[in-house]
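Remember, it's 1-based here, ligands and their atoms both numbered in the order they're listed.
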Amino acid sequence: MAPTKTILRALAGETLPTPPIWMMRQAGRYLPEYRATRAQAGDFLSLCYNPELAAEVTLQPIRRYGFDAAILFADILLLPQALGADLWFVTGEGPRLSTVQTQADFDKLGPVEDIHETLNPIYETVRILRGELPAETTLIGFAGAPWTVATYMIAGRGTPDQALAHALMQENTPLFEALLARITAGTIDYLYAQIEAGAEVVKIFDSWAGSLKGDAFQKYALEPAREITSALKKKHPDTPVIGFPREAGYNYIGFARATGVDCVALDNSVSAQWAAEHVQVDGCVQGNLASSHMVTGGQGLVDDARAIVEALSNGPHIFNLGHGITPDADPDNVQRMIDAVRGH
Ligand code: CP3
């Protein structure tokens, strides 16, 4: 049966008169209602693991703006935690994890079969959302791509250049590849469970794909995305997959064909015109408005949003930012973006 929800229609390859729209990190600290619910939960991780409150923050941007999709409220670092890593968040700094740098560190991780013990509350959030979302809103599940997740597990934190992960790749390739394989297998099972709980689309976030060059991009960004997508398609052929190899540059070309993803999410380092010629030729694209416009607003926001809609109007397109909205964004600018896209 042909899909009726706008996001699913775009993902099936349909060119729509107005692109459907949602926003990376749409549930987040720029919204006062999010900050209130997070305070009620206690902290960020308690919010992720509280299905009622996680569903509530997922729904907040849908109520406020009427986005065409909701993205499950969770985090890419819950999977490493479910695999046995320690995880905590330092206020104002970001995530911290126990590190995986030696065989002994790796041996402490648990088996993939055990992840659901930790992740069951996330599946419960998905079930609640499927009951509560408006009929026209698509629910997106997600996971981190193996390389991006590995960069956090190896360094124990976010890093500007992913240097420790690159060093492990060079100095102990078998260990690096074993870690990537464990994350890949865990990601497949995690996404199966999200789909079985009711996620209608899944997105794979490879936020640090841009630091992989040449062969390394093929082996550690493209190949895991292909492996995950093909496993998902075997079991759930009708669930679309969005890939986001952020800052892949010319490696965006052919990524959908090589991996089997139904849509490629674009950062804002490529122009929409270039993406129309080189990426959208293979199917749906999503992105690529600079998230800084959500802070600065004004005519620049309206002009850039319209230019992206125009450049990508001859093929399937889902409007989005090039990366997540930041905590200093003005909620009114989000409405300006939506109005510009929907032509008010
Ligand atoms: O609305 C949504 O997008 C849904 C939920 C979501 C979060 N993180 C919630 C979150 C999603 C899809 C993510 C993905 C994620 N998490 C990525 C990939 C996308 C990207 O941004 O590149 C990455 C790399 C992470 C890891 C992560 N989580 C970091 C580095 C941080 C700290 C930096 C920051 O922005 O504070 C987080 C925390 C986090 N994840 C927050 C939210 C709303 C902020 C936490 C808070 O409320 O204090």
In ligand 1, the atoms that come under 4.0 Å of a heavy atom of Ser207 are 18 (C), 19 (C), 20 (C), 22 (O), 24 (C)
- Query: Does Met23 have a non-hydrogen atom less than 4.0 Å from ligand 1?
  - Reply: no
Discussion item. Between Glu124 and Asn120, do the side chains contain a donor N or O and an acceptor N or O under 3.5 Å apart?
Written reply: no
At under 4.0 Å between heavy atoms, what of Lys203 touches ligand 1? The answer is neither
*Protein heavy atom under 4.0 Å of atom 33 (C) of ligand 1*: no
| query | So Phe244 and Phe205, would you call those rings parallel, tilted or perpendicular, with 30° and 60° as cut-offs? | reply | perpendicular
Between Glu56 and Thr37, do the side chains contain an N or O donor and an N or O acceptor separated by less than 3.5 Å? no
Per-atom filter on ligand 1: closer than 4.0 angstrom to a heavy atom of Leu72 are 4 (C), 5 (C)
Under 4.0 Å from one or more heavy atoms of Pro95, ligand 1 contributes atoms 29 (C), 30 (C), 31 (C), 32 (C)
query: Does at least one non-hydrogen atom of Phe89 fall below 4.0 angstrom from an atom of ligand 1?
result: yes
So for Arg246 against ligand 1, with non-hydrogen atoms under 4.0 Å, the contacting part is neither
Centres of the His166 and Trp147 rings: under 6.0 Å? yes
The answer for which part of Ala74 has a heavy atom under 4.0 Å from ligand 1 is backbone
Kindly confirm or rule out an N or O of Ala27 lying under 3.5 angstrom from an N or O of ligand 1. yes
### Query
For residues Trp22 and Tyr65, is any side-chain donor paired with an opposing acceptor at under 3.5 Å?
no
Next item on the list: Using distance alone, with no hydrogens and no angle criterion, decide if Asp304 and His293 have a side-chain donor and acceptor under 3.5 Å apart.
Entry: yes
For Thr125 and Ala55 the tightest heavy-atom approach is CG2-N, 3.7 Å
Numbered in order shown, the ligand 1 atoms found under 4.0 Å of a heavy atom of Tyr34 are 43 (C), 46 (C), 47 (O)
The atoms of ligand 1 lying under 4.0 Å from a heavy atom of Ile71, numbered in the order shown, are 1 (O), 2 (C), 3 (O), 4 (C), 12 (C)
ask   = If you measure only the distance, is there a donor-acceptor pair under 3.5 Å linking the side chains of Asp282 and Tyr252?
value = no
